[in-house]
J.: 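Got a structure for you, questions after.
Ligands are counted one by one from 1 in listed order, and the atoms in each one are counted from 1 as well.
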Amino acid sequence: MIMTQPAVVNQYAPFTTQTVVEFVKTLSIFDHPNRLIANEIGDGNLNLVFQLVELETNRSIIVKQALPYAKVVGESWPLSLNRAKIESESLRITAKVVPDLVPHVLHTDHELACTVMEDLSDYNILRTELISNHHYPLLAEHIGRYLAQTLFSTSDFALHPFVKKELVQKFTNPDLCKITEDLVFTDPFFDHPTNDFPTELRPAVEAIWADETLLTEVGILKFQFLTQAEALLHGDLHTGSIFVTSQSTKVIDPEFAFFGPIGFDLGQFFANIILNALSKLATTERPALLSELLRTTERTWITFAQEFTKLWDESNQEIYTNVSGILPRFLLKIWTDAIGFAGCEIVRRTIGLAHVADLDSIEDFHTQIEIKERALQLGADLIKSRTQLYSLSHFIQRIKGALRS
Ligand code: SR1
Ligand code: MG
């Protein structure tokens with residue numbers, strides 16, 4: 001639709017395909033702003049996403065706008081609009097250290113709770129690509145570097161304590177953190193109405209709820225998430241938050257950003273790769289696919305640890321970084337936390353409110369249940385044995401054990 005009528009665009013209201021065009025016309029982004037078409041393309045849980053195309057040139061941009069509630073549930077689940085500001089500020093901070101790994105932000109409007117950014121329509125969503133058995137050889141290096149750079153550069157090892165504390169305040173994100181506190185760390189581990197699983201899975205789910213040792217460890221991980229302001233996290237780094245081409249990777253959607261434990265982002269990424277690996281048990285091509293996915297987790301950690309070490313040696317401002325015993329201890333903490341957080345993510349994506357297509361799209365129902373049972377066992381095992389899996393090879397062996405049929 002080609003829009004010509006003006007509209008009020010300076011007061012918050014959810015955009016329509018008409019008002020979003022009026023808004024973009026005011027920004028001097030396009031040379032032919034009178035010939036713009038807009039489509040709502042968002043399929044996420046929380047926001048409106050529009051793609052705007054300039055007819056003359058075929059140039060396109062994305063406008064993402066927060067709604068005052070969670071789109072997936074409706075107005076009964078109110079959410080602060082501040083998450084739009086958090087997202088755009090996080091993208092800008094991230095672009096300072098890894099400009100090639102995030103979409104370019106063109107404009108931010110805090111009043112309208114929206115971010116105007118580069119359109120990534122040449123890219124594909126990583127989750128969909130992994131489900132289609134496509135492999136991205138550069139992914140691990142990209143994500144390992146993204147994590148090391150973003151997390152180190154916002155930690156106390158890199159920032160003056162005043163700057164760090166100012167940022168912690170700026171990125172206080174209570175509504176979105178509460179979603180994670182509930183949906184990742186709490187609801188799936190108790191008999192809660194938000195949980196969602198087939199009756200056939202109930203015995204395995206009840207085993208989770210009855211496992212006191214497991215609940216103790218999840219409680220510890222939840223309190224780490226609540227209290228350990230180590231670095232500015234992405235906060236929702238699943239494979240739906242990553243866009244890929246064969247050469248390039250872009251991490252999108254940091255609206256859950258806040259200062260938390262560094263291992264959380266790593267853990268969520270690992271978990272979503274492992275969930276995809278579990279889904280391959282239902283396919284015939286599995287040996288090759290499984291080893292590629294395991295290599296992705298290995299290479300991500302290796303790249304992360306190497307880059308983090310380099311930054312530690314070269315870009316630190318904290319005197320204790322010169323004390324040789326501290327880096328190995330800190331890396332071990334990140335590693336152990338990542339495994340525990342990965343376990344929580346695996347469990348919640350199997351039985352909680354927000355599932356993953358990797359498991360839910362397994363066509364044969366009996367196989368789907370079997371794989372979900374295995375996911376629950378693996379998730380619980382990672383959480384409980386995270387302090388014994390002190391090396392990459394221990395971890396990989398444990399995953400391989402769960403993938404063996
Ligand atoms: C109601 S939001 C459900 C999930 O979607 C987001 O991407 C987060 O992962 C959240 O837990
Ligand atoms: Mg998202």
J.: Under 6.0 Å between ring centres, would you say that holds for His142 and Tyr146?
T.: no
J.: Treating Ser248 as the side-chain partner and Val244 as the backbone partner, does any N or O pair qualify as donor plus acceptor under 3.5 Å?
T.: no
J.: Quick one: which ligand 1 atoms are inside 4.0 Å of a heavy atom on Arg348?
T.: 9 (O), 10 (C), 11 (O)
J.: Please state which part of Glu255 comes within less than 4.0 Å of ligand 1, counting heavy atoms only: side chain, backbone, both or neither.
T.: neither
J.: Pull out every atom of ligand 1 sitting under 4.0 Å from any heavy atom of Val72, numbered as shown with elements.
T.: 1 (C)
J.: Decide whether the shortest distance between a heavy atom of Ile179 and an atom of ligand 1 is less than 4.0 Å.
T.: yes
J.: Run His160 and Phe162 through ring-ring contact (aromatic ring centres under 6.0 Å, His included) and show every step you take.
T.: CA-CA 6 Å; His160 185 282; Phe162 290 170; 4.8 Å; yes
J.: Mind listing the protein N/O/S atoms less than 2.8 Å away from the Mg ion (ligand 2)? Waters don't count.
T.: Asp253 OD2
J.: What are the atoms of ligand 1, with element, lying closer than 4.0 Å to any heavy atom of His238?
T.: 7 (O)
J.: May I ask you to check whether Phe258 and Phe171 place their ring centres under 6.0 Å from each other?
T.: no
J.: Got a sec: does the CZ of Phe365 have more than 12 other heavy atoms crowding it under 6.0 Å?
T.: yes
J.: Is Gln268 in contact with ligand 1, taking contact as a heavy-atom separation below 4.0 Å?
T.: no
J.: Determine which pairs satisfy salt bridge (Lys or Arg N to Asp or Glu O under 4.0 Å) with at least one residue from residues 87-102, sequence neighbours left out, and list them in order.
T.: Lys64-Glu87, Glu89-Lys170, Asp100-Arg145
J.: Do Phe270 and Phe341 have their ring centres less than 6.0 Å from each other?
T.: no
J.: Which of the numbered atoms in ligand 1 are under 4.0 angstrom from any heavy atom belonging to Arg349?
T.: 9 (O)
